[in-house]
Amino acid sequence: MMRRFARRLVPIAAAIAALSALPAASASQPAAATRRTFAVGPQYDSTHVYVEPGTEQAFAASWTATFGGSTIGPNATQVTPTPSRTLSELVVSPVGTLSVFDYTTPVPYPFGTERTGWLVTDLDQAVRAARADGAAVTVAPFADPIGRDAVVQFPGGVNAQLYVHTTPPSYPELASVPENRLYLSPDAVGAFLRSFLAFTDGRIASDDRRADGAAIGLPGTAYRLLRLTSGFGTTTVAVTDGHLPYPFGRELTGYGVADLGATLERAKSAGASVLSGPVRAGGRDSAMVRFPGGYVAELHGAR
């Protein structure tokens with residue numbers, strides 16, 4: 001009996017000896033690479049505002065009277081890879097940065113469809129990463145008067161312009177980080193999240209599948225609301241059936257303010273109009289506002 005047991009131990013002991021002779025995995029394999037991020041900071045991520053012809057100055061004056069801030073420009077220039085002309089103005093405000101375009105020529109396609117401009121650390125690497133993460137490059141890299149740009153499209157038709165400046169810009173930190181506001185269908189949201197979160201190195205901060213529809217003009221209903229966060233700032237995704245009342249879905253960005261009522265009064269005094277609200281839903285008050293030139297924004301009380 002003991003001899004049979006000893007014979008069984010021999011191969012087990014040999015196997016243990018062989019395993020102990022192998023190098024440790026931590027010593028033989030390189031450490032995992034750190035995930036790259038291309039974001040510089042949310043104050044450098046501007047909403048692209050295409051105003052009605054001839055209204056650029058009225059828009060900029062109304063915006064700064066409402067929120068404060070300063071402007072750079074306007075400058076008559078070409079910011080597209082094919083011939084065009086626009087008055088271009090940068091608005092730097094405590095609630096977000098805006099790139100304002102007042103075209104004096106027709107706007108070359110697909111410009112005007114991009115929602116935002118994101119400053120990136122390296123344009124060529126960012127374009128390659130966007131492709132690898134499932135986005136389409138709809139406008140290949142091109143030079144503009146102050147740097148280089150490209151336009152990418154994430155699944156669901158979400159367009160963003162990536163840019164670098166020859167001379168790196170320096171903008172003050174924001175009092176509140178604006179929300180890039182997206183409306184997607186249930187069919188598109190999965191592919192969008194995989195691509196967008198991979199490229200932005202972002203995460204889902206919250207996912208409410210029974211959000212109060214009053215926030216999007218549909219009281220008594222519910223919808224799915226996701227909040228995403230990354231180095232590019234905050235993104236909210238409303239997942240709906242597309243049965244939206246005007247103006248919901250027309251806004252590009254939401255802006256947090258300390259006192260919504262006072263801000264709305266300043267906006268109206270500066271030529272803006274309140275299209276919807278204020279309404280309380282999801283623990284905050286919000287309203288939809290149209291500024292001179294046609295730009296529609298969501299305003300909400302900062303939490």
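Computed from heavy atoms alone, side chains included, the values below leave out hydrogens, waters and symmetry copies.
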In Å and rounded to the nearest 0.5 Å, what is the [atom1] to [atom2] distance from [X] to [Y]?
X      : Y      : atom1 : atom2 : value
Leu226 : Thr235 : CG    : OG1   : 10.5 Å
Ser88  : Gln78  : OG    : CD    : 12.0 Å
Phe196 : Leu228 : CZ    : CG    : 6.0 Å
Arg85  : Thr80  : CZ    : OG1   : 10.0 Å
Asp201 : Asp133 : CG    : CG    : 9.5 Å
Ser176 : Glu173 : OG    : CD    : 12.5 Å

Cluster check [X], [Y]: I/L/V/M/F/W/Y, side chain < 4.5 angstrom:
X      : Y      : result
Val100 : Val92  : no
Leu98  : Val177 : no
Val40  : Ile72  : yes
Tyr44  : Phe101 : no
Phe232 : Val151 : no

Determine whether the side chains of Tyr103 and Glu52 contain a donor N or O and an acceptor N or O closer than 3.5 Å.
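Absent: no donor and acceptor within the cut-off.
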
Answer with yes or no whether the side chains of Ser46 and Ser99 bring together a donor and an acceptor at under 3.5 Å.
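Their side chains do contain a donor-acceptor pair, which is all the 3.5 Å distance test asks for.
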
[Y] side chain reached by [X] side chain, heavy atoms, under 4.5 Å:
X      : Y      : result
Val120 : Val164 : yes
Asp45  : Thr97  : no
Leu299 : Phe67  : yes
Ser273 : Val289 : no
Leu275 : Val296 : yes
Ile204 : Leu197 : yes
Phe199 : Phe38  : yes
Leu174 : Val95  : no

Do any side-chain atoms of residues 108-115 form donor-acceptor pairs under 3.5 angstrom with protein atoms, and if so which ones, sequence neighbours left out?
residue, atom, partner, partner atom, Å
Thr113, OG1, Pro110, O, 2.5
Thr113, OG1, Asn159, ND2, 3.0
Glu114, OE1, Gly112, N, 2.9
Glu114, OE2, His48, ND1, 2.8
Glu114, OE2, Tyr50, OH, 2.5
Arg115, NE, Asn180, OD1, 3.0
Arg115, NH2, Asn180, OD1, 3.1
Arg115, NH2, Arg181, O, 2.3
Arg115, NH2, Leu252, O, 2.7

Test your reading of the model: is there a side-chain donor-acceptor pair from [X] to the backbone of [Y], 3.5 Å cut-off?
X      : Y      : value
Thr64  : Ala60  : yes
Ser93  : Gly96  : yes
Asp208 : Arg210 : yes

Hey, which of Leu225, Thr221, Thr240 is the one that makes side-chain contact (heavy atoms from CB on, under 4.5 Å) with Ile216?
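Exactly one pass, corresponding to Thr240.
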
Please lay out, stage by stage, how Leu123 and Tyr163 fare under the test side-chain contact (heavy atoms from CB on, under 4.5 Å).
CA-CA 6 Å; Leu123 182 67; Tyr163 76 93; 5.8 Å; no

Sequence neighbours excluded, which residues qualify as side chain to side chain donor-acceptor pair (under 3.5 Å) partners of Thr253?
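With sequence neighbours excluded, Thr253 shows a side chain to side chain donor-acceptor pair (under 3.5 Å) to Thr47, given in chain and number order.
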
Listed by chain and number, what are the side chain to side chain donor-acceptor pair (under 3.5 Å) partners of Asp207, not counting sequence neighbours?
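Checked Asp207 against side chain to side chain donor-acceptor pair (under 3.5 Å); matches are Arg224.
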
Heavy-atom pair with the smallest gap, counting every atom of [X] and [Y]:
X      : Y      : answer
Val239 : Tyr223 : O-CB, 3.8 Å
Pro94  : Gly69  : CD-N, 4.0 Å
Val127 : Val137 : CG1-CG2, 3.7 Å
Pro278 : Leu264 : CG-CD1, 3.6 Å
Tyr255 : Ala297 : CE1-CB, 3.7 Å
Pro292 : Ser62  : CD-OG, 3.4 Å

Could Glu298 and Arg290 be called an ion pair, given the rule that one side-chain N must be under 4.0 Å from one carboxylate O?
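Answer for the salt bridge query: no.
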
Is the distance between the ring centroids of Trp63 and Phe291 under 6.0 Å?
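Ring centres of Phe291 and Trp63 closer than 6.0 Å.
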
Set out, in order, the CA-CA distance, both residues' side-chain angles and the distance that settles side-chain contact (heavy atoms from CB on, under 4.5 Å) for Thr71 and Leu90, then state yes or no.
CA-CA 6 Å; Thr71 64; Leu90 185 72; over 6 Å; no

Exceeds 12 heavy-atom contacts within 6.0 angstrom, atom CZ of Arg266
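Yes, the 6.0 Å shell around CZ holds more than 12 heavy atoms from other groups.
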
Can you tell me which residue pairs pass the salt bridge (charged side-chain N to carboxylate O under 4.0 Å, His left out) test with a partner in residues 268-277, sequence neighbours excluded?
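Found Glu265-Lys268.
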
Residues in salt bridge (charged side-chain N to carboxylate O under 4.0 Å, His left out) with Arg148, at least two apart?
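Scan of Arg148 (salt bridge (charged side-chain N to carboxylate O under 4.0 Å, His left out), adjacent residues dropped) gives Asp124.
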
Can you list the residues that meet the salt bridge (charged side-chain N to carboxylate O under 4.0 Å, His left out) rule with Arg280, with sequence neighbours excluded?
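Checked Arg280 against salt bridge (charged side-chain N to carboxylate O under 4.0 Å, His left out); matches are Asp285.
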
Tell me, with the steps shown, if Val257 and His300 meet side-chain contact (heavy atoms from CB on, under 4.5 Å).
CA-CA 6 Å; Val257 296; His300 56 266; over 6 Å; no

